[in-house]
Number of protein chains: 2
Amino acid sequence: MGRWPGGTQERLQEAAIELFTERGYERTTVAEIATRAGMTERTFYNHFADKREVLFPEQDSFIAKVREAVGAAPAEQPPLDAVSAAFIAGSDWFDQRQEAAQRRRRILDAHPDLREREWTKLAALGEAITAALRTRGIPDPAATLTAAVSVAAYQLAAARWLADPRHGTLGHHLHTSFEDLHRTARSW
Amino acid sequence: MGRWPGGTQERLQEAAIELFTERGYERTTVAEIATRAGMTERTFYNHFADKREVLFPEQDSFIAKVREAVGAAPAEQPPLDAVSAAFIAGSDWFDQRQEAAQRRRRILDAHPDLREREWTKLAALGEAITAALRTRGIPDPAATLTAAVSVAAYQLAAARWLADPRHGTLGHHLHTSFEDLHRTARSW
DNA sequence: ACGGTGATTACAGAACCTGTAATCACCGTG
DNA sequence: CACGGTGATTACAGGTTCTGTAATCACCGT
């Protein structure tokens with residue numbers, strides 16, 4: 001058990017988001033984050049690989065969930081539909097955290113370092129989907145291309161959802177984004 | 001004029017690739033790179049924003065060229081074909097540097113930090129293509145999705161080209177990759 | 001009371017990166 | 001040839017990120 005009753009990572013994440021919003025990402029040191037969370041800089045690095053990682057919690061488990069959901073889809077379902085359904089199945093989790101997602105996005109957009117990390121997370125998502133599609137029997141290059149375009153549609157949906165969260169759930173935007181994708185693909 | 005007759009950046013790039021291949025990326029310091037190139041660590045940072053950037057020379061001009069080529073395509077050409085043609089038009093430059101590209105790729109693949117930077121370069125390429133397509137009158141979300149899938153096809157072609165450079169030029173692989181894309185898209 | 005366990009801390013240090021001012025090599029001009 | 005301008009390079013100082021290592025701490029079962 002740790003010294004603090006509540007989760008240590010959550011404390012650090014909250015402290016980080018607070019400070020990043022107050023002073024900005026670059027003008028906040030890891031030591032300051034740790035101090036506000038009531039611990040030491042070294043402890044921060046015991047929980048996060050680096051300063052950026054504090055803004056990407058649970059990304060790995062999200063990716064794992066998507067991979068599982070794609071793998072568990074009905075065998076006869078077309079690959080793109082399987083991915084779309086997998087995204088939609090996990091979208092409730094985000095809908096319940098829209099406000100936090102907005103704060104996070106505002107920080108991310110303001111700092112190239114953080115967007116850089118976001119791109120690698122999306123790349124990891126793409127590779128996970130590729131792997132899941134391959135185990136479904138989809139051969140390359142279809143698996144790679146389908147995964148890449150799925151991530152693009154996912155990004156599109158997330159952007160729309162965050163642009164105006166009252167306009168619909170993430171699931172709704174995912175649905176329309178993948179519809180847009182079908183429509184666009186027909187023109188290729 | 002600089003102190004050295006040849007380009008300073010080229011010297012640093014060569015020194016960096018040498019050392020990265022000898023000792024690996026993490027076990028090479030910026031000071032060592034600069035020393036081998038005959039200058040100071042500070043000079044390195046006068047030419048490259050950070051340590052990673054030394055492995056991504058001319059990326060910005062490449063992106064600019066692609067954007068221009070996409071913008072200069074015939075008005076009646078379908079967007080995906082315009083992007084494909086733009087890639088192919090600039091592929092000779094790479095074909096003449098296949099060996100260097102191989103060395104570079106081997107270093108990149110071995111270090112997550114460098115792959116992270118690569119993803120942001122590809123993201124920048126995608127955004128440039130998106131912008132070029134928009135000026136061609138392609139509306140969102142088609143512009144975004146088309147750009148994303150184009151980058152995926154480009155990556156696919158580059159991977160194939162580097163996997164076995166004797167099997168064809170990059171232009172050839174680009175051609176077949178975009179054909180694969182058409183074929184795959186029909187199944188969506 | 002006592003030892004085991006896992007998290008936290010203290011400490012030291014390398015490497016990255018930046019700001020600033022001085023220095024240097026070169027070049028055109030008087 | 002002297003001279004000043006220009007742009008690149010350097011010297012120097014310093015903050016920040018991140019890592020390794022060993023000590024300490026809080027808790028828990030016995």
Side-chain angles (χ1 to χ4, degrees), chain A residues 1-57 107-108 110-118 120-121, chain B residues 1-57 107-108 110-118 120-121:
Chain A
M1 263 299 204
R3 190 156 309 179
W4 299 104
T8 333
Q9 301 200 358
E10 285 77 3
R11 286 177 140 270
L12 286 165
Q13 287 161 23
E14 288 167 21
I17 290 187
E18 284 175 22
L19 286 165
F20 290 166
T21 329
E22 292 173 14
R23 312 184 200 174
Y25 173 77
E26 292 127 2
R27 305 188 60 79
T28 304
T29 72
V30 175
E32 288 168 341
I33 299 171
T35 303
R36 175 163 303 200
M39 35 199 128
T40 309
E41 184 184 11
R42 191 63 183 87
T43 306
F44 179 97
Y45 288 106
N46 287 342
H47 290 271
F48 300 101
D50 56 43
K51 185 182 175 186
R52 306 172 185 183
E53 211 54 27
V54 73
L55 277 173
F56 297 86
I107 301 173
L108 256 58
H111 301 286
D113 280 10
L114 296 170
R115 306 223 319 171
E116 181 161 53
R117 178 56 50 85
E118 188 184 23
T120 80
K121 297 291 186 187
Chain B
M1 263 300 204
R3 189 156 310 180
W4 299 103
T8 332
Q9 302 200 358
E10 285 77 3
R11 285 177 140 270
L12 287 165
Q13 287 161 22
E14 287 167 21
I17 290 186
E18 285 175 22
L19 286 165
F20 291 166
T21 329
E22 291 173 16
R23 312 183 198 175
Y25 172 76
E26 292 126 0
R27 305 189 60 80
T28 304
T29 72
V30 175
E32 289 168 342
I33 300 171
T35 303
R36 175 162 302 199
M39 35 199 128
T40 309
E41 185 182 9
R42 191 63 182 87
T43 307
F44 178 98
Y45 288 106
N46 286 343
H47 291 271
F48 300 101
D50 54 44
K51 186 183 174 184
R52 306 172 185 184
E53 213 50 30
V54 73
L55 276 173
F56 297 86
I107 300 172
L108 256 58
H111 300 287
D113 280 10
L114 296 170
R115 305 223 320 171
E116 182 161 53
R117 178 55 49 83
E118 188 183 25
T120 78
K121 297 293 187 187

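Quick note on labels: first sequence line is chain A, next is B, and so on, each numbered from 1. Bear in mind the structure is a predicted one, so any value in this text is a computation, not a measurement.
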[X] [atom1] - [N] [atom2] separation (whole Å):
| X | N | atom1 | atom2 | result |
| --- | --- | --- | --- | --- |
| A/Glu32 | D/dG15 | CD | P | 13 Å |
| B/Glu41 | D/dT10 | CD | P | 12 Å |
| B/Arg42 | C/dC24 | CZ | P | 19 Å |
| B/Glu26 | D/dC18 | CD | P | 14 Å |
| B/Gln9 | D/dA8 | CD | P | 11 Å |

Quick one: salt bridge (charged side-chain N to carboxylate O under 4.0 Å, His left out) partners of A/Arg23, sequence neighbours excluded?
->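 Residues passing salt bridge (charged side-chain N to carboxylate O under 4.0 Å, His left out) with A/Arg23: A/Glu32.
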
Should the pair B/Glu116-B/Lys121 be classified as a salt bridge under the 4.0 Å nitrogen-to-oxygen rule?
->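 Salt bridge absent between B/Glu116 and B/Lys121.
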
Is a side-chain N or O of B/Thr28 found less than 3.5 angstrom from the main chain of B/Gly24, in a donor-acceptor match?
->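 Flag set: sc B/Thr28 to bb B/Gly24 pair under 3.5 Å.
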
Of all of residues 44-57 of chain B, which get a heavy atom below 4.0 angstrom from DNA chain C, listed by number?
->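 Here the set is B/Tyr45, B/Ala49, B/Asp50, B/Lys51.
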
Could you pull out all residues at least two apart from [X] that satisfy side chain to side chain contact (heavy atoms under 4.5 Å, CB included)?
| X | answer |
| --- | --- |
| A/Gln9 | A/Gln13, A/His47, A/Phe48 |
| B/Asp113 | B/Tyr25, B/Arg52 |
| A/Ala31 | A/Thr29, A/Glu41 |

Report the residues that fulfil side-chain hydrogen bond (donor to acceptor under 3.5 Å, both in side chains) with [X], sequence neighbours left out, ordered by chain and then residue number.
| X | value |
| --- | --- |
| A/Arg36 | A/Glu18, A/Glu22 |
| B/Asp50 | B/Arg117 |
| B/Lys51 | none |

Within residues 12-23 of chain A, residues whose heavy atoms come under 4.0 Å of DNA chain D |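 Nothing qualifies; none.
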
For residues A/Ile33 and A/Leu12, report the shortest heavy-atom separation together with the two atoms involved.
->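 Answer, listing the atom of A/Ile33 first, then A/Leu12: CG2-O, 3.8 Å.
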
Side-chain contact, heavy-atom cut-off 4.5 Å: B/Leu108 with B/Phe56?
->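 B/Leu108 vs B/Phe56: side chains touch.
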
Nearest to the side chain of [X], heavy atoms from C-beta on, is which of [options]?
| X | options | result |
| --- | --- | --- |
| B/Met39 | C/dC16, D/dT21, D/dT10 | D/dT10 |
| B/Thr43 | D/dT9, D/dT17, C/dT9 | D/dT9 |
| A/Thr8 | C/dT9, C/dC16, C/dT8 | C/dT8 |

Using Watson-Crick and G-U wobble pairs with both distances under 3.5 Å, what is the 5'-to-3' dot-bracket string of DNA chain D, with [ ] for crossing pairs and | for pairs outside the strand?
-> ||||||||||||||||||||||||||||||

